[in-house]
Amino acid sequence: MSKRRTERLLSIVVLLLSSRRYLTAEEIRAAVYGYPDQDDAFKRMFERDKEELRDLAIPLETGRSNPLDEEIGYRIRRQDYELPEIRLEADEAAVLGIAARVWQSAELAAAAAGALLKLKAAGALGAPGVVGAPGVVGASGAGEAPDADDDQRPRPGIEPRLATAEPAFGPLWEAVRDRRPVTFSYKAQGRGDASRREVEPWGVVNWHGRWYVAGHDRTRNATRVFRLGRIDGPVKMSGPPGSVTVPAGADVRELVKDWDAPPRDHEAVLNVRAGAGYGVRRYAKAVTPGDDGWDRVTVQFADVSWYADYLAWFGADLMVVGPPDLREAVISRLKGVLA
């Protein structure tokens with residue numbers, strides 16, 4: 001649709017919404033810029049505009065304001081045009097607030113911000129006790145309580161941020177949205193050369209800070225999960241929109257979770273300061289409270305390097321008792337921070 005036609009249709013909608021009576025075609029012609037002077041050309045254009053408005057589900061109503069009027073008129077009843085009042089529960093508003101903040105630095109930031117702004121304008125996020133997202137937490141930290149007004153000022157505390165630095169994110173997200181298959185070159189872990197894959201993508205998710213796409217691998221004829229950071233080169237569409245069918249009950253997040261879950265066959269013993277380290281305690285095998293302000297926590301983990309990075313974030317609130325390789329790895333990371 002051209003810019004001129006879009007502006008003309010918008011002008012018609014605004015005009016008919018603001019009118020308290022039916023407006024004839026000539027009155028619309030006189031008030032809306034862009035119609036030709038020739039009668040036949042105007043009638044053809046006006047008929048096309050009416051069809052377009054109805055195709056857009058605009059409730060264009062015809063009638064006469066006065067029984068004596070010979071020519072029918074047009075109007076849009078505001079109560080038919082406006083959406084019903086949107087009322088969100090506290091948890092629903094919280095999810096929307098978190099989602100908008102999560103996507104602040106992503107490719108969908110503009111769409112997320114626009115959607116949230118429309119909900120605010122409609123008053124959907126302004127009900128008492130429903131002011132944006134409540135205290136947002138990271139992987140192992142507490143957030144802050146919300147202010148009374150949910151404006152756009154930056155807030156202190158820990159908030160989630162999902163970056164989309166991988167070039168493959170954009171085309172894969174579009175492919176999932178449009179149900180289109182894709183092709184790309186993929187470097188599997190432990191292999192030097194990239195292999196060509198043709199995939200029916202079911203969804204793109206973020207898991208532990210990394211982006212993954214899951215779906216049906218036509219090359220292997222099996223369900224597969226691919227890490228976006230290992231995609232080499234461009235992602236290309238290989239089929240028309242609507243040609244991908246997502247199986248009923250497919251849970252992309254569970255597929256990625258199962259694929260990215262190595263066995264936890266190592267055990268660590270930690271001293272965790274009382275009242276801290278909730279992220280560690282959450283997955284603890286055993287917790288023994290101490291009398292000196294420290295609790296003895298036993299956990300299982302899969303990889304020394306990754307877990308050392310994670311434990312180092314707790315700083316002075318955590319000490320590794322064993323095993324020795326994990327203890328040395330954490331100390332090395334903390335020394336690096338001090339240096």
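The two residues A284 and V299 make their nearest non-hydrogen contact at CA-CG1, 3.7 Å. Taking all atoms of both residues into account, the shortest heavy-atom contact from P181 to P240 is CD-O, 4.3 Å. Contact detail for V244 and P201: the closest heavy-atom pair is CG1-O, 3.9 Å. Smallest separation of non-hydrogen atoms from V235 and A168: CG2-CB, 3.7 Å. Scanning all heavy atoms of the two residues, the minimum distance from G34 to M45 falls at O-SD, 4.0 Å. Summarising the geometry of L311 relative to L318, their closest heavy-atom pair is CD2-CD1, 3.9 Å, with the distance given to 0.1 Å.
Salt bridge annotation for R180-E174: absent, with no cationic side-chain nitrogen under 4.0 angstrom from a carboxylate oxygen. Using a 4.0 Å cut-off between a side-chain N of Lys or Arg and a carboxylate O of Asp or Glu, K50 and D55 do not qualify as a salt bridge. Between E27 and R21, at least one side-chain N (NZ, or NE/NH1/NH2) sits under 4.0 Å from a carboxylate O, which counts as a salt bridge.
Between the side chain of E51 and the main chain of R48, no donor-acceptor pair closer than 3.5 Å is present. In this structure, R64 contributes its side chain and E70 its backbone to a donor-acceptor pair below 3.5 Å. A side-chain donor-acceptor contact under 3.5 Å links D295 to the backbone of G290. Remark: side-chain polar atoms of D69 are paired, donor with acceptor, to backbone N or O of N66 under 3.5 angstrom. Checking side-chain atoms of T219 against main-chain N and O of E198 turns up a donor-acceptor pair under 3.5 Å. The backbone N or O of V14 lies less than 3.5 Å from a partner atom in the side chain of S18, making a donor-acceptor pair.
Side-chain contact check for V182 versus K236: every heavy-atom pair is 4.5 Å or farther apart. Using a 4.5 Å cut-off on side-chain heavy atoms (C-beta onward), R220 and R197 make contact. Within the 4.5 Å cutoff, side-chain heavy atoms of I76 are placed close to those of V13. Considering only heavy atoms from C-beta on, R296 stays 4.5 Å or farther from V287 through its side chain. Proximity of V246 to R179: side-chain heavy atoms (C-beta onward) are separated by under 4.5 Å at one or more points.
Residue pairs meeting the ring-ring contact (aromatic ring centres under 6.0 Å, His included) criterion with at least one partner in residues 315-339, sequence neighbours excluded, are absent. Residue pairs meeting the ring-ring contact (aromatic ring centres under 6.0 Å, His included) criterion with at least one member in residues 5-55, sequence neighbours excluded: Y35-F42, F42-F46, F46-Y74. Here ring-ring contact (aromatic ring centres under 6.0 Å, His included) pairs that include residues 317-339, with residues two or more places apart or in two chains, number zero.
In terms of the salt bridge (charged side-chain N to carboxylate O under 4.0 Å, His left out) criterion, D292 has no residue partners (sequence neighbours excluded). For F226, the ring pair (Phe, Tyr, Trp, His ring centres under 6.0 Å) criterion is met by F184, Y186, not counting sequence neighbours. Partners of E7 under the salt bridge (charged side-chain N to carboxylate O under 4.0 Å, His left out) rule, at least two apart in sequence or in another chain, do not exist in this structure. Contacts of E267 classified as side-chain hydrogen bond (donor to acceptor under 3.5 Å, both in side chains), with partners at least two apart in sequence or in another chain: K285. Qualifying side-chain contact (heavy atoms from CB on, under 4.5 Å) partners for P247, counting only residues two or more places apart in sequence or in other chains: W202, A250. Every residue two or more places apart in sequence or in another chain that forms a salt bridge (charged side-chain N to carboxylate O under 4.0 Å, His left out) with D317 is listed here: R273. Applying the salt bridge (charged side-chain N to carboxylate O under 4.0 Å, His left out) test to R54 and every residue at least two apart in sequence or in another chain returns nothing.
Shown are D39, D37, D49; of these, the salt bridge (charged side-chain N to carboxylate O under 4.0 Å, His left out) with R29 is made only by D39.
Counting only N and O atoms by type, the side chains of R75 and S19 include no donor and acceptor under 3.5 Å apart. Side chain to side chain, R4 and T6 fail the donor-acceptor criterion of an N or O pair below 3.5 Å.
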- [ ] Would you please test R281 and V272 for side chain to side chain contact (heavy atoms under 4.5 Å, CB included) and show each step?
- [x] CA-CA 9 Å; R281 296 172 185 272; V272 182; 3.8 Å; yes

Task: Steps toward side chain to side chain contact (heavy atoms under 4.5 Å, CB included) verdict (V204, Y212) - done: CA-CA 6 Å; V204 180; Y212 300 87; over 6 Å; no

Open item on the list: If you apply the rule salt bridge (charged side-chain N to carboxylate O under 4.0 Å, His left out), what do you find for R5 with E52, and how did you get there?
Closed with: CA-CA 10 Å; R5 188 175 187 185; E52 184 72 29; 3.7 Å; yes

- [ ] Would you please test R44 and E47 for side chain to side chain contact (heavy atoms under 4.5 Å, CB included) and show each step?
- [x] CA-CA 5 Å; R44 289 193 298 269; E47 288 299 320; 5.9 Å; no

Task: side chain to side chain contact (heavy atoms under 4.5 Å, CB included) assessment of V199 paired with R218 - done: CA-CA 6 Å; V199 178; R218 291 180 175 177; over 6 Å; no

Please tabulate, for the side chains in residues 326-338, all donor-acceptor contacts under 3.5 angstrom to protein atoms that are two or more places apart in sequence or on a different chain.
from : atom 1 : to   : atom 2 : distance (Å)
R327 : NH1    : V320 : O      : 2.5
R333 : NE     : D309 : OD1    : 2.3
R333 : NH1    : A329 : O      : 3.0
R333 : NH2    : S305 : OG     : 3.3

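Alongside V321, the hydrophobic cluster contains V269 (criterion: ILVMFWY side chains under 4.5 Å).
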